[in-house]
Structures are given as structure tokens and as C-alpha cells.
J.: 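A single structure is presented below for examination.
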Amino acid sequence: MACCVAEGVLPAEDVWRSTQLEEAQYERAAEAGDAVTELERPFHDELSDWGLFRRSFTVVRNGGRTEAKDFSYICAGSTVRFRKPIEGEGTALMHGDFARKLSPSEEALATYILKHTRLFDGRRVLDVGAGLGFAGLVCGVCARPSYLELTDGDPEVVRTLKVSTQQNAEGFQAAQVAVRRVLWDNRKDWSDR
């Protein structure tokens, strides 16, 4: 079952199984020398900021400093993951810190996508000003777009989006997923596609 309010709440044992798999993935990443060096335990299970989804998260530490939270949202039986920087890289943003917050409209759009996945089947999807990218990631994991492009104008946000797309690589149903920086007042950044 999906975790959106209209469809019910995910049973606790499914959240537990999902977080156990994630914990193993993070341990493998740490052993391989990836950026994740330490995770705070236990995994947290709660309602999202706006109450539309169940989520869990881990705190990512690097050198004893809290660097980010890696969120896992359960959406229509799939897990959508994204990183939210707390301090360090990804927090000195061009337009303030609102690009690090998940807005109620982002959760509402993700809920709409989940209820209308057929609208995205085989389509090209562009997420403009993606910020944390939750709605676009939900589309890529839970719908079947032929192409998904997540864009933002801030280079730090784009780096964070790339981490989030890597976290969802196995779950993407899109034939192709791209992340890139686009400044909408600079025509040379616009895609020819």
C-alpha cells in the first residue's frame, strides 16, 4: 500500500524491511570508501513534514559533523530516496535555504503523480527548479516516463540531485534520467530537445 493519506499507511513491518535493506546498502557504501562515513542509528520512522507520506531517514555524518539526512519515502509500494543537506556542501545556496525544504506543494504534486501515473507513461518529464527533487523522483520511480530530467539553477542543488538520482537508480522506470543545471534567464542553458 502507498503511504499517501488517501491510500492508507504503510505497515510497520514493511518500513522495517525497507530500512534493513537500506542499512546494508549504506554499510557497503561506507566499506567501499564512498562519502558516507557514519550513520546515526536507529533509523527514524515518521510522517512527512506535511503528513502525506510515511518516511524514514538516516543522519549522514562525515568527520563527526552532521552532513545530511537521507530520506526514504514509501510511495505506492516503492521506495523513493533523496538527500537533504544539513550543513557543509549543499547548504550555501544561491537563493537561500528554501531549496533544501520539502514544500507542501511538492508533497501534493507527488500525491497527484501517484494517483495519475498513466499520465506520465511513456512521456518526457521535465522538473524545473527541482530543489530536493521529490516530485520528479516519485515520477521516475513510480510512473513510467520515457525520459526524466531534473533541473535547478543552483550548482550545489544539482550536486545533491545527482546523489539522489544515484540512490534511486535501481528503482527508476524511466528509460533515461538526467540531472543538469539550467538558469532560465540564460537561453544557452536551454535544451534543444
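Fair warning: this is a prediction, and the values are worked out from it, not measured in the lab.
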J.: Name the one of Arg83, Lys69, Lys84 that satisfies side chain to side chain contact (heavy atoms under 4.5 Å, CB included) with Val60?
T.: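 Answer after filtering Arg83, Lys69, Lys84: Arg83.
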J.: Students often mix this up, so state it plainly: with edges at 30° and 60°, are the rings of Phe82 and Phe71 parallel, tilted or perpendicular?
T.: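 Geometry flag for Phe71 against Phe82: parallel rings.
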J.: Could you pull out all residues at least two apart from Asn168 that satisfy side-chain contact (heavy atoms from CB on, under 4.5 Å)?
T.: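 Only Val80, Arg81, Leu137, Val141, Phe172 meet the side-chain contact (heavy atoms from CB on, under 4.5 Å) criterion with Asn168.
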J.: Could you measure the distance from the CG atom of Leu183 to the OG1 atom of Thr151? Nearest 0.5 Å is fine.
T.: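 Going from the CG atom of Leu183 to the OG1 atom of Thr151 covers 10.0 Å.
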J.: Taking side-chain contact (heavy atoms from CB on, under 4.5 Å) as the test, write out the residues that go with Thr117, two or more places apart.
T.: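 Only Ala143 meet the side-chain contact (heavy atoms from CB on, under 4.5 Å) criterion with Thr117.
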J.: Main chain of Gly136, side chain of Asp127: is a donor-acceptor contact present, judged purely on distance under 3.5 Å?
T.: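 Flag set: sc Asp127 to bb Gly136 pair under 3.5 Å.
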J.: Going from CZ on Arg124 to CD on Glu149, what distance comes out if it is rounded to the nearest 0.5 angstrom?
T.: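 Here the interatomic distance stands at 7.5 Å.
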J.: About how many Å separate CZ of Arg54 and CG of Leu47, when rounded to the nearest 0.5 Å?
T.: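 Going from the CG atom of Leu47 to the CZ atom of Arg54 covers 4.5 Å.
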J.: Rounded to the nearest 0.5 Å, what separates atom CZ in Arg181 from atom CG in Leu161?
T.: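 If I round to the nearest 0.5 Å, the distance is 13.0 Å.
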J.: Any chance you could lay out the ring-ring contact (aromatic ring centres under 6.0 Å, His included) test for Phe134 and Phe53, step after step, and finish with the verdict?
T.: CA-CA 12 Å; Phe134 180 60; Phe53 295 89; 5.3 Å; yes
J.: Can you name the closest pair of heavy atoms from Ser78 and Cys142 and give their distance?
T.: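 Closest approach of Ser78 to Cys142: CB-SG, 4.0 Å.
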J.: Among all residues two or more places apart in sequence or in another chain, which pass the salt bridge (charged side-chain N to carboxylate O under 4.0 Å, His left out) test with Asp121?
T.: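 Once residues adjacent in sequence are excluded, Asp121 has no partner under the salt bridge (charged side-chain N to carboxylate O under 4.0 Å, His left out) criterion.
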J.: State which residues pass side chain to side chain donor-acceptor pair (under 3.5 Å) with Glu107; sequence neighbours excluded, sorted by chain then number.
T.: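 Partners of Glu107 by the side chain to side chain donor-acceptor pair (under 3.5 Å) criterion, ordered by chain and then number, come out as Ser48.
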J.: Do the side chains of Val163 and Val179 join up, straight or via other hydrophobic residues, at under 4.5 Å, putting them in one cluster?
T.: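 As far as the 4.5 Å side-chain criterion goes, Val179 and Val163 are not connected within one cluster.
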J.: What residues form a side-chain contact (heavy atoms from CB on, under 4.5 Å) with Ile113, not counting sequence neighbours?
T.: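 So Ile113 forms a side-chain contact (heavy atoms from CB on, under 4.5 Å) with Leu109, Phe120, Ala135, Val138, Cys139.
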J.: If only atom types and distance count, is the side chain of Asp152 paired as donor or acceptor with the main-chain N or O of Val158 below 3.5 Å?
T.: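 Here the side-chain-to-backbone pair does not exist.
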J.: Take Gln167 and Asp70, measure what side-chain contact (heavy atoms from CB on, under 4.5 Å) needs, and give me the verdict at the end.
T.: CA-CA 9 Å; Gln167 291 175 336; Asp70 281 348; 3.2 Å; yes
J.: Go through Glu67 and Arg61 one step at a time and tell me if the salt bridge (charged side-chain N to carboxylate O under 4.0 Å, His left out) criterion holds.
T.: CA-CA 5 Å; Glu67 188 171 277; Arg61 297 182 188 276; over 6 Å; no
J.: Quick one: side chain to side chain donor-acceptor pair (under 3.5 Å) partners of Thr165, sequence neighbours excluded?
T.: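 If we apply the side chain to side chain donor-acceptor pair (under 3.5 Å) test to Thr165, skipping adjacent residues, there are no hits.
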J.: Rounded to the nearest 0.5 Å, what separation is found between the OH atom of Tyr73 and the OG1 atom of Thr79?
T.: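 The OH atom of Tyr73 sits 13.0 Å away from the OG1 atom of Thr79.
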J.: Does a salt bridge link Arg55 with Glu46, judged by any charged N lying under 4.0 Å from a carboxylate O?
T.: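 Judged by the 4.0 Å cut-off on N to carboxylate O distance, Arg55 and Glu46 do form a salt bridge.
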J.: Leu102 and Val59: same hydrophobic cluster, using ILVMFWY side-chain contacts below 4.5 Å?
T.: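 Yes, Leu102 and Val59 fall within the same hydrophobic cluster.
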J.: I'd like to know if Tyr112 and Trp50 are part of one continuous hydrophobic network [Ile/Leu/Val/Met/Phe/Trp/Tyr, side-chain heavy atoms within less than 4.5 Å].
T.: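 Different hydrophobic clusters.
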J.: Quick one: closest heavy-atom pair of Ala76 and Leu114, and the distance?
T.: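 So the minimum-distance heavy-atom pair works out to CB-CD2, 3.8 Å.
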